[in-house]
Colleague: 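A single structure is presented below for examination.
Numbers restart at 1 for each chain; the letters A, B, ... are given by sequence-line order, proteins then strands.
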There are 4 protein chains.
Amino acid sequence: MNKTKKLIFDASIKSFSQKGFHKSTMDEIADMAGVAKGTLYYHFKSKEDIFKFIIDEGVKRIEDEINEKTKNMLDPVNKLRAVCEIQMQLAINHLEFFKTMLSQLWGDEERQHQLRNVLSRYFKLIEGFLKEAADDGLIADDNLEIMAFNFFGVMTSTVVYSLIHKEKDISQLTETLLGFVMRGIGR
Amino acid sequence: MNKTKKLIFDASIKSFSQKGFHKSTMDEIADMAGVAKGTLYYHFKSKEDIFKFIIDEGVKRIEDEINEKTKNMLDPVNKLRAVCEIQMQLAINHLEFFKTMLSQLWGDEERQHQLRNVLSRYFKLIEGFLKEAADDGLIADDNLEIMAFNFFGVMTSTVVYSLIHKEKDISQLTETLLGFVMRGIGR
Amino acid sequence: MNKTKKLIFDASIKSFSQKGFHKSTMDEIADMAGVAKGTLYYHFKSKEDIFKFIIDEGVKRIEDEINEKTKNMLDPVNKLRAVCEIQMQLAINHLEFFKTMLSQLWGDEERQHQLRNVLSRYFKLIEGFLKEAADDGLIADDNLEIMAFNFFGVMTSTVVYSLIHKEKDISQLTETLLGFVMRGIGR
Amino acid sequence: MNKTKKLIFDASIKSFSQKGFHKSTMDEIADMAGVAKGTLYYHFKSKEDIFKFIIDEGVKRIEDEINEKTKNMLDPVNKLRAVCEIQMQLAINHLEFFKTMLSQLWGDEERQHQLRNVLSRYFKLIEGFLKEAADDGLIADDNLEIMAFNFFGVMTSTVVYSLIHKEKDISQLTETLLGFVMRGIGR
DNA sequence: GATGAATGAGAGTTCATTCAT
DNA sequence: GATGAATGAACTCTCATTCAT
């Protein structure tokens, strides 16, 4: 990614975070990046295209970070804990962008399909860890795919909770969340 | 709600469901409702206003249905099961509108605040059932608010799963979901 | 003028005064009058029609008042003084409506032609007094028509001055104005 | 002012002159200028903004012309005569725009405030010449501000007269007007 | 006489995209 | 590589007017 593209990339994240996809304008992104509007179109096909690029890059980074952190771990539950920590960390630190993503998760536009695609790659990663846990006899081997979805759902709702309550103690949140995921609300 | 307003109400739900909030146009809603564009503005202040009205009405209906169905139940877990069933049913039957709602859950527009407000009312209702369960010693009395959020998160991710896998057997989904909520993935 | 028509008449003056012709809406006039919008159209052909009616009525009242007050006067200069006093009084007391009138004096719409017509009737009245003064040898017999226009122009600019400086001492203003009209700025 | 902006400037004057501010539409201005509607918004913030720009430019030009023509004059009365000539000339040559201006002189919109502001600058210029005349003992030193207003009022009513009578002999009109201003109607 | 729901033409404005330089 | 002036389709919203009751 060359220098100008990086400028646009950063400016786009900032703008999409502040205003969401629809209210961000190419004018504003160009302004923030300190380049001319035409330059955006030299580096990207369209506004949609910028968004897709960001998403791709963003999820790639999460995956990399998770892979990096878990590669020497043996206990699958620790790996899941790492997923929680990393995603919570990221979601809370880039809360506004996380919300923009969630708002673009639904619908039939190109970027929205793309977003779902990269996310399902991420879900597969989670499912992989669940499978390992199941193989170790730590959890039931049932419905792993739906469990991966639920895992994500619980993480997301915890982020929303933290957002409303301005709770930023991630290790605390992570433990509560992991407790819920492992044992549910029962007892 | 008089006849014309109902026509607009129905057309709006349909349009918002098919296209989402942003791609729905007042022209199209008017067309679908079989009224003139000006008529929309006779009954509603703005496009935003129509959306808010729909949300309000919609959540009211869920709440009513839940209250109706649970009022004679004694077991709090059954009440939570009813919540799951009713919401799953509704979300799956009105999948497109459910998605539109989720996409409008984030951001700083009037309608988005409003949506979060009515949803938090709904979360309180869930939290109430959790409290009952806790009082009966069925679940731990900890973090009930965050549990309510997670409950909703799990329901939502289950809907998403069902959407991808075109799984429409609600009682099956409900049981899996309830199992997850009660016991987590553990064992 | 029956009761309902009077309600509309009063409300229209008020609305046109507060907002001018263009920003006054039939909705608002109806609201102010406490009648339904349809009722406006029972009594008047159009918004334009209401305006024309008001203008007609208003100028008629000035003329009546002037005729009443001057009919026993002998000195033409006193008559002109009366014109000044009455018009200044009215313009200052109904400043907002006076401004609305001035803004509608120009242009090719029906109401604007109509406004110019009733005003030229008023100018003729002034010219009549000037003629009397000329016949008495008090002023030169030249250009009486243009003098009548100028007379009005000076009155109007004096009103504008009083409006900016919030000067409301009418007799003072009248004397200054009459001085200007009689002797100009010379000496 | 670059070429496109000039095109828009000219078209706007033409359109505002022909139809007034309210009945001029952005579509029409764009058509007249031979540019796309969006181009108007590239160069101006709004319709209001175009109007304000024109007013500003227009009054600037009058002032410049007056300053240019009077700078070598010694007799203040000659300077006032120059003001009359220049303004009459301009008002008569751009009668329609002059009328549009007069119709926009009243009211609370941005452009109307702006118009009054630039006009009061112009009045100050007139007042300056009156002061010079007063200092030379040619006229009384009283009420110079109100005299400046009246000066403008008389010029305007003379224009209106010339408009009705299709009288276009400016030097004739100027002398009559100056006579009125200097000596009033007396004798 | 009076109502007010319904109308629809038309307005100003936005903004992603293009393209000549 | 980069620019920014120009585009025009599309949008939301306004409001005088009509007409069945």
Colleague: Between B:G34 and C:T4, which has a closest nucleotide on DNA chain E that is more 5'?
Modeller: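 Looking at DNA chain E, the more 5' nearest nucleotide goes with C:T4.
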Colleague: Run through DNA chain E and report every stem of 3 or more consecutive Watson-Crick or G-U pairs, distances under 3.5 Å, ordered by first number.
Modeller: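 DNA chain E stems, ordered by first number: E:2-21 with F:2-21.
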Colleague: Could you check how far CD1 of D:I50 sits from C1' of E:dT13, rounded to whole Å?
Modeller: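 Whole-Å distance recorded here is 12 Å.
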Colleague: In Å and rounded to the nearest 0.5 Å, what is the CD1 to CD1 distance from A:I13 to A:I50?
Modeller: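 If I round to the nearest 0.5 Å, the distance is 11.0 Å.
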Colleague: I want to confirm an ordering. Mapping A:A36 and B:K23 to their closest nucleotides on DNA chain F, which one lands closer to the 5' end?
Modeller: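 The 5'-side residue here is A:A36.
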Colleague: Starting at atom CZ of A:R111, determine the distance to atom P of E:dA16, rounded to an integer number of angstrom.
Modeller: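 One finds 11 Å between P of E:dA16 and CZ of A:R111, rounded.
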Colleague: Report, one pair per line, the protein and nucleotides 17-21 of chain F atoms (nitrogen or oxygen only) whose separation is under 3.5 Å.
Modeller:
from, atom 1, to, atom 2, distance (Å)
F:dT17, OP2, C:Y41, OH, 3.1
F:dT17, OP2, C:K47, N, 3.1
F:dT17, O4, C:K37, NZ, 2.8

Colleague: Decide whether a cation-pi geometry holds between C:K47 and C:F21; the criteria are a distance under 6.0 Å from NZ or CZ to the six-membered ring centre and an angle within 45° of the ring axis.
Modeller: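 That pair qualifies as a cation-pi contact.
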Colleague: How many whole angstroms separate atom NZ of C:K3 from atom P of E:dA2?
Modeller: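 Roughly 9 Å, once rounded to whole Å.
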Colleague: Please identify each residue that fulfils salt bridge (charged side-chain N to carboxylate O under 4.0 Å, His left out) with B:D49, with sequence neighbours left out.
Modeller: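 In terms of salt bridge (charged side-chain N to carboxylate O under 4.0 Å, His left out), with neighbours along the sequence ignored, B:D49 is linked to no residue.
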Colleague: Does B:H22 put a side-chain nitrogen or oxygen below 4.0 Å from OP1 or OP2 of F:dC11?
Modeller: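 For F:dC11, OP1/OP2 do not have a side-chain N/O of B:H22 under 4.0 Å.
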Colleague: Kindly say if A:T39 contacts the phosphate of F:dG1, meaning a side-chain N or O under 4.0 Å from OP1 or OP2.
Modeller: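 The answer is no; no side-chain N or O of A:T39 sits under 4.0 Å from OP1 or OP2.
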Colleague: Picking from E:dA2, F:dT3, E:dA11, which would you name as closest to the side chain of D:T25?
Modeller: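 Closest nucleotide to the D:T25 side chain: E:dA11.
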Colleague: Of all residues at least two apart in sequence or in a different chain, which pass the salt bridge (charged side-chain N to carboxylate O under 4.0 Å, His left out) check with B:K14?
Modeller: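 Not a single residue meets the salt bridge (charged side-chain N to carboxylate O under 4.0 Å, His left out) criterion with B:K14.
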Colleague: Expressed as a whole number of angstroms, how long is the span from B:N2:CG to E:dG4:P?
Modeller: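 Whole-Å distance recorded here is 14 Å.
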Colleague: Could you tell me how far apart A:I8 (CD1) and E:dA16 (C1') are, to the nearest whole angstrom?
Modeller: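 Checked: the CD1 to C1' distance equals 15 Å.
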Colleague: Scan for salt bridge (charged side-chain N to carboxylate O under 4.0 Å, His left out) pairs involving residues 18-34 of chain D, sequence neighbours excluded, and state none if there are none.
Modeller: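 For residues 18-34 of chain D, and leaving out neighbouring residues, the salt bridge (charged side-chain N to carboxylate O under 4.0 Å, His left out) pairs sorted by first residue read C:E109-D:K23, D:K19-D:E28, D:D27-D:K37.
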Colleague: Would you mind reading off the distance between C:K19 atom NZ and F:dT14 atom P, rounded to a whole angstrom?
Modeller: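 Rounded to whole Å, this separation is 12 Å.
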Colleague: Using 0.5 Å steps for rounding, measure from the CG atom of D:L40 to the OG1 atom of D:T4.
Modeller: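 One gets 10.5 Å once the value is rounded to the nearest 0.5 Å.
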Colleague: Taking only Lys NZ, Arg NE, NH1 and NH2, and the carboxylate oxygens of Asp or Glu, determine whether B:D10 and B:K6 approach each other closer than 4.0 Å.
Modeller: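 Yes, this pair counts.
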Colleague: Whole Å only: how far is the CG atom of D:L40 from the P atom of E:dA11?
Modeller: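 For the pair D:L40 CG and E:dA11 P, the rounded distance is 14 Å.
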Colleague: Taking CG from D:D31 and P from E:dA11, how many angstroms apart are they, rounded to a whole number?
Modeller: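 From D:D31 CG to E:dA11 P: 12 Å.
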Colleague: Return the set of residues passing salt bridge (charged side-chain N to carboxylate O under 4.0 Å, His left out) with D:K99 (not counting sequence neighbours), or none when no residue passes.
Modeller: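 Salt bridge (charged side-chain N to carboxylate O under 4.0 Å, His left out) list for D:K99, sorted by chain: D:E96.
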Colleague: Does NZ or CZ of B:K5 lie under 6.0 Å from the centre of the six-membered ring of B:F44, at an angle within 45° of the ring axis?
Modeller: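 Yes, a cation-pi geometry.
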